[in-house]
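Report on the structure given below.
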Amino acid sequence: MKNIVLIGMPGTGKSVVGHALAQRLNYTFVDLDESIVEATGKTLPEILREDGLEEFFKIEEKVGVELNRTDTVVSTGGSMVLYEDAMAHLRENGVIVWLETPLSQIAERMPLNLTDRGIAAPAGMTLRQIYEQREPLYAKYADLIVVSRDGADGTAREVLQMLRTVGIEL
């Protein structure tokens with residue numbers, strides 16, 4: 001059985017939609033941001049502040065490359081698409097679903113200091129710049145694009161409907 005791998009910007013609801021999808025499918029749920037916290041014993045903001053962006057990227061890529069699951073809904077960190085090897089690995093046994101959300105909605109959900117949210121990006125980079133950098137990568141890796149607007153349960157239903165519509169068997 002294939003995994004469903006959710007990608008998208010921070011604040012798109014990957015975790016809450018992932019939980020709702022996992023319940024509907026009777027799958028397990030894995031949040032790769034939580035996997036990073038478990039592996040390091042530090043929160044994402046702590047890793048970024050104490051160890052730096054490059055170390056965070058190494059840890060995040062390793063978590064993506066080493067994931068070995070089936071029948072799982074996977075919520076990735078927003079920057080997972082920066083790692084070609086990790087995305088290729090996640091695609092091997094998964095359907096990649098981009099939860100696309102308008103930048104204006106994402107901005108409403110973000111603190112002023114993006115590091116406080118654990119967003120991995122160079123210092124001084126704005127949310128718009130992060131979005132513009134990652135949007136082409138989300139599009140590149142996505143098997144499906146679902147607009148995330150109607151709350152977690154509505155978005156989960158839409159993901160399942162899209163999977164059926166395009167004939168993807170789980």
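Because the structure is predicted, anything quoted here is derived from the model rather than measured. Residue numbers count from 1 along this sequence.
Between His19 and Phe29, the angle of the ring planes lies from 30° to 60°, which puts this pair in the tilted group.
Scanning all heavy atoms of the two residues, the minimum distance from Pro10 to Gly78 falls at CD-CA, 4.1 Å. Across every non-hydrogen atom of Val81 and Tyr141, the tightest pair is O-CE1, 3.5 Å. When all heavy atoms of Gly77 and Asp33 are compared, the pair lying nearest together is CA-OD1, 3.5 Å. When all heavy atoms are compared, the tightest approach of Trp98 to Gly8 is CD1-CA, 3.8 Å. When all heavy atoms of Ile36 and Phe56 are compared, the pair lying nearest together is CD1-CZ, 4.3 Å.
Distance CG/Leu103 to CD1/Ile130: 10.0 Å, rounded to 0.5 Å. Going from atom CZ of Arg134 over to atom CE of Met80 covers 11.0 Å, rounded to the nearest 0.5 Å. Here CZ of Arg157 is found 11.0 Å from CG of Leu21. Values are rounded to the nearest 0.5 Å. With rounding to the nearest 0.5 Å, the separation of CD in Glu61 from CE in Met87 is 12.0 Å. Taking CG from Leu160 and OG1 from Thr165, the interatomic distance works out to 10.5 Å, rounded to the nearest 0.5 Å. Rounded to the nearest 0.5 Å, atoms CG (Leu25) and CG (Asn3) are 11.0 Å apart.
Between Arg24 and Asp153 there is a salt bridge, since at least one side-chain N of the basic residue sits less than 4.0 Å from a carboxylate O of the acidic one. Note on Asp71 versus Lys2: no salt bridge recorded, every NZ/NE/NH1/NH2 to OD/OE distance being 4.0 Å or above.
By the 4.5 Å heavy-atom criterion applied to side chains, Arg91 and Val5 are not counted as neighbours. Side-chain contact check for Leu163 versus Ile4: some heavy-atom pair is nearer than 4.5 Å. With contacts defined as side-chain heavy-atom distances shorter than 4.5 Å, the pair Leu127/Met9 qualifies.
Criterion: ILVMFWY side-chain heavy atoms under 4.5 Å apart, direct or through other members. Under it, Ile168 and Tyr27 are part of a common hydrophobic cluster. The same ILVMFWY cluster, assembled from side-chain heavy atoms under 4.5 Å apart, contains both Ile145 and Leu90. A single hydrophobic cluster is not seen to contain both Val65 and Tyr83; linkage of ILVMFWY side chains at heavy-atom distances under 4.5 Å, directly or through other members, places them apart. The hydrophobic cluster containing Leu82 also contains Leu48, counting ILVMFWY residues as joined when their side-chain heavy atoms lie under 4.5 angstrom apart, directly or transitively.
In this structure, Glu50 places its CD atom where more than 12 heavy-atom neighbours from other residues, nucleotides or ligands lie under 6.0 Å away. Applying the 6.0 Å contact sphere to NZ of Lys62 captures no more than 12 heavy atoms from other residues, nucleotides or ligands. Around the CZ atom of Arg128, the shell of radius 6.0 Å holds no more than 12 heavy atoms that belong to other residues, nucleotides or ligands. Within 6.0 Å of atom CD in Gln129, more than 12 heavy atoms from other residues, nucleotides or ligands are found, so the atom counts as buried in its surroundings.
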Next item on the list: Any chance you could lay out the salt bridge (Lys or Arg N to Asp or Glu O under 4.0 Å) test for Lys42 and Asp51, step after step, and finish with the verdict?
Entry: CA-CA 10 Å; Lys42 296 179 180 182; Asp51 304 322; 2.9 Å; yes
Next item on the list: Test side-chain contact (heavy atoms from CB on, under 4.5 Å) on Leu32 and Ser75 and set out the steps.
Entry: CA-CA 6 Å; Leu32 294 185; Ser75 170; over 6 Å; no
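Among Leu144, Val73, Val97, the single residue meeting the side chain to side chain contact (heavy atoms under 4.5 Å, CB included) criterion with Val159 is Val97. Each of Asn93, Val74, Thr76 was compared with Leu67 under the side chain to side chain contact (heavy atoms under 4.5 Å, CB included) criterion, and only Val74 meets it.
One N or O on the side chain of Glu46 and one on the backbone of Thr43 form a donor-acceptor pair closer than 3.5 Å.
For the residue pair Ser79/Glu60, the side-chain donor-acceptor check at 3.5 Å is satisfied.
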